[in-house]
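Everything on this sheet refers to the single structure shown next.
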2 protein chains.
Amino acid sequence: MSSPDKVFEALASTTRRKILAYLSEGPLTAGAVAERFDVSQPAISKHLSVLEAADLIWKKRDGQFVNYGMKADNLGGTLAKFMQEVCPPSRALKAERRAENDND
Amino acid sequence: MSSPDKVFEALASTTRRKILAYLSEGPLTAGAVAERFDVSQPAISKHLSVLEAADLIWKKRDGQFVNYGMKADNLGGTLAKFMQEVCPPSRALKAERRAENDND
DNA sequence: TCACCTTTTAACTTATTTGTTATATATTTA
DNA sequence: TAAATATATAACAAATAAGTTAAAAGGTGA
């Protein structure tokens with residue numbers, strides 16, 4: 001399981017959000033990800049491990065290559081839960097539901 | 001208008017996410033927010049200005065107090081847009097819609 | 001005006017993040 | 001085995017973030 005803290009920390013970097021956007025179109029090797037950015041390969045490697053620590057991506061070695069791909073569940077789940085906690089409209093819905101249940 | 005960059009940066013801090021959760025229940029003065037945390041009041045003041053720079057909260061002086069409150073639109077909008085860009089299910093829906101439009 | 005209260009800003013310290021280059025580890029292929 | 005390729009790790013520098021205390025700014029009311 002992964003903490004929301006790690007997810008939000010991972011999303012704090014523009015580069016990492018872009019990596020997620022690339023991976024959302026399909027898996028890529030570490031090198032293919034790095035090609036798409038203007039920073040060094042080791043820098044991208046570190047970004048990938050931050051994303052992995054947040055459980056936002058998976059990793060699978062394939063010979064000399066390492067493939068990375070999105071794990072959308074955790075991203076969607078964490079953001080959805082946060083919105084529920086914090087966004088007034090969903091808070092209102094929750095309060096409504098509570099009220100209904102109290103009437104039972 | 002506020003950049004997604006600033007929003008995600010603002011959300012990267014657990015303390016700031018908790019501040020948003022408090023404010024989602026209603027406006028509070030700077031002091032009332034600070035009371036709820038174990039850090040100094042100036043530290044909270046800085047967190048509030050990060051949230052304000054991200055356009056996630058509003059601020060209104062009332063005499064010697066300063067009230068802060070949530071601006072849910074920008075938070076919801078930024079997160080929804082990001083999910084649309086990155087989450088495979090919504091990406092699939094977008095592709096579908098494109099395909100439909102191509103048939104017109 | 002003066003004392004007081006609330007909040008922000010300044011100056012500073014420490015920890016973390018992000019990047020770099022050089023090196024190590026895995027793997028394939030000649 | 002040796003050379004080449006792909007990726008990760010180590011060691012370091014620079015920038016940023018987050019906290020602290022002290023002081024300033026804004027506002028109230030005797």
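Lettering follows sequence order; numbering is per chain, from 1.
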Calculate the interatomic distance between I57(A) atom CD1 and dT7(D) atom C1'; express it in whole Å.
-> 13 Å

What does S49(A) touch in the nucleic acid at a heavy-atom separation under 4.0 angstrom: a base, only the sugar-phosphate, or nothing?
-> nothing

Hey, could you give me the CG/CG distance between L11(A) and L56(A), rounded to the nearest 0.5 Å?
-> 6.0 Å

Distance in Å, Q64(B) CD paired with T29(B) OG1, rounded so as to fall on 0.5 Å steps | 10.5 Å

For dT7(D), take OP1 and OP2 only and decide whether either is under 4.0 Å from a side-chain N or O of S45(A).
-> no

Of the listed nucleotides dG19(D), dT21(C), dT7(C), the one nearest the side chain of V66(B) | dT7(C)

So what does Y68(A) hit on the nucleic acid, given a heavy-atom distance under 4.0 Å: a base, only sugar-phosphate, or nothing?
-> sugar-phosphate

Could you tell me whether the phosphate oxygens of dG19(C), OP1 or OP2, come under 4.0 Å of any side-chain nitrogen or oxygen in S40(A)?
-> no

In whole angstroms, how far is the P atom of dT18(C) from the CG atom of D5(B)?
-> 12 Å

CZ of F37(B) to CD1 of I44(B), rounded to nearest 0.5 Å, is 5.5 Å

Looking only at side-chain atoms of P42(A), point me to the closest of dT7(D), dG19(D), dA10(D).
-> dA10(D)

Quickly work out the Q41(A) CD to dT25(C) P distance and round it to whole Å.
-> 16 Å

Which pair of non-hydrogen atoms, one from R17(B) and one from F82(A), has the smallest distance, and what is that distance?
-> CD-CE1, 3.8 Å

Nearest-0.5 Å distance, CD1 of residue I57(B) to OG of residue S24(B) = 12.5 Å

Per-nucleotide protein contact string for nucleotides 25-30 of chain D, where B marks a base within reach and S marks sugar-phosphate only (heavy atoms under 4.0 Å, - for neither) | -BBS--

Shortest non-hydrogen contact from E25(B) to A21(B)?
-> CG-O, 3.6 Å

What string of B, S and - do you get for nucleotides 11-17 of chain C, 5' to 3', if B is base contact, S is sugar-phosphate-only contact and - is no contact with any protein heavy atom under 4.0 Å?
-> ------S

Whole-Å gap separating P (dT7(D)) and CD1 (I19(A)) | 13 Å

How many Å lie between CZ on F37(A) and P on dT18(C), as a whole number?
-> 13 Å

K59(A) side chain near dT7(D) phosphate (N/O to OP1/OP2, under 4.0 Å) = no

Any ion pair linking K6(B) and D55(B) (charged N to carboxylate O, less than 4.0 Å)?
-> no

Protein-nucleotide distance (L48(B), atom CG; dT7(C), atom P), rounded to Å | 10 Å

Whole angstrom is fine here: how far is it from CD1 in I44(B) over to P in dG19(D)?
-> 7 Å

Out of curiosity, L75(A) CG to M83(B) CE, how far, rounded to the nearest 0.5 Å?
-> 6.5 Å

Quick one: is dG19(D) close enough that its OP1 or OP2 comes under 4.0 Å of any side-chain N or O from H47(B)?
-> yes

Output for pair (T14(B) OG1, D5(A) CG), nearest 0.5 Å, gives 3.5 Å

